[in-house]
Amino acid sequence: MEELIREMRQKIEAAAASVTDSKEMYQIRKQYLDNKSGKISALMKNMRDLPPEKRPAFGKVVNELKTWALDFFTSQDSRLKAAELAAKNASETIDVTMPASAFRKGALHPNTLIANELIDIFAGMGFTIFEGPEIENDYYNFTALNTPKDHPARDMQDTFYVSPELLLRTQTSAGQIRVMENAKPPIKILSPGKVFRSDDDATHSPMFSQMEGLVVDKGITLCDLQGMLDVFARNVFGEGVKTRLRPSYFPFTEPSVEVDVSCFECGGCGCRLCKDTGWIEVLGAGMVNKKVLENCGIDSDEYTGFAFGMGIERIAMLKYGVPNIKMLFESDVRILSQFNE
Ligand code: PHE
């Protein structure tokens with residue numbers, strides 16, 4: 001009998017010796033101590049086969065074995081669990097002295113920077129924002145702007161048509177008509193947005209952005225236009241910068257002008273940027289054509305107005321020295337991150 005008990009102890013110790021995992025140890029514990037199938041519980045059941053006088057002594061040794069086994073497995077369990085916790089803690093240790101991995105900060109796109117800057121400048125002069133649709137009908141983009149179907153000026157803007165009557169707007173000037181149809185003068189709006197033309201080279205892209213300005217009121221003259229553009233030029237390109245108007249042609253303005261700014265790179269003495277002329281062309285403008293005012297139901301004897309339209313990418317390229325317009329559309333972070341301010 002004693003022999004049997006000693007053997008079982010040895011077996012338990014031997015089985016436990018190679019175990020390094022608390023779950024595995026629990027399985028071994030079950031083999032011996034499970035109430036139904038455990039080997040020690042089975043010994044107790046054997047008691048029935050013994051003569052009654054031997055039962056108390058037998059019961060005592062089996063109980064001692066059971067108590068020993070319970071203690072044994074409990075201490076094994078806490079030993080293994082302590083080791084497991086230590087290993088887990090070690091694997092999760094954080095080295096607080098390690099340099100932190102930096103987050104990449106987002107930044108505004110140069111086009112957005114310029115658009116925001118222009119909006120700030122003109123909002124300071126009392127302009128409010130109007131945004132028209134990118135898909136326009138022929139009437140707003142051309143006809144109402146004094147550019148009927150057979151007008152040669154349509155060739156100036158190679159147009160993407162969606163249907164015979166619908167097109168991707170080629171100019172934010174379309175918004176002028178939408179505003180004037182719905183509002184009575186005084187009108188003072190700024191209209192930013194994407195425009196589309198079938199055009200593609202280092203300085204032209206099939207999609208680009210414009211900023212339109214429109215002022216209509218009694219007694220508005222070309223001097224008002226130049227005064228406001230002077231404020232714009234000084235704010236965007238620098239204090240000493242001047243503006244110059246040159247005669248030009250747009251069907252919807254009369255007279256029409258191209259507006260140059262004095263070269264902010266060389267101060268007007270001539271350099272590569274201004275192609276030795278001292279001046280850089282930045283936008284088109286003019287007095288709103290009487291026909292356009294009349295198309296919108298505004299009395300052209302009582303009211304006059306001026307309009308201007310500039311390319312936002314062009315301003316961004318000039319101001320930041322971007323050599324190719326594609327750089328503004330390729331989303332290359334190495335380029336865009338340089339505009340972090
Ligand atoms: N819409 C013209 C263009 O895209 C620019 C312009 C706007 C000219 C307003 C005069 C007045 O070229």
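Counting convention: from 1, in listed order, for ligands and their atoms alike.
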Are F142 and F196 joined in one hydrophobic group, where the rule is that I, L, V, M, F, W and Y side chains link up if heavy atoms are under 4.5 Å apart?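 F142 does not cluster with F196.
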
task = Tell me the residues surrounding ligand 1, counting only those with a heavy atom closer than 4.0 angstrom, sorted by chain and number.
result =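 The answer is Q157, Q171, S173, Q176, R197, Q210, E212, F250, F252, T253, G284, A285, A307, F308, G309, counting any residue whose heavy atom sits under 4.0 Å from ligand 1.
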
Parallel under 30°, tilted from 30 to 60°, perpendicular over 60°: which one fits the rings of H151 and Y249?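 Taking Y249 first and then H151, their aromatic rings lie parallel (interplane angle under 30°).
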
Identify every side-chain donor-acceptor pair in residues 45-54 under 3.5 Å, counting partners at least two apart or on other chains, and give the distances.
residue : atom : partner : partner atom : Å
K45     : NZ   : K36     : O            : 3.1

- Check the surroundings of atom OH in Y26: do more than 12 heavy atoms from other residues, nucleotides or ligands lie under 6.0 Å from it? no

Residues pairing under salt bridge (charged side-chain N to carboxylate O under 4.0 Å, His left out) where one sits in residues 261-275, two or more places apart or in two chains, turn out to be none

For a quick test of your reading: what N or O donor-acceptor pairs under 3.5 Å do the side chains of residues 225-241 make, sequence neighbours left out?
residue : atom : partner : partner atom : Å
Q226    : NE2  : T243    : O            : 3.2
Q226    : NE2  : T243    : OG1          : 3.1
D230    : OD1  : T243    : OG1          : 2.6
N235    : ND2  : V231    : O            : 2.8

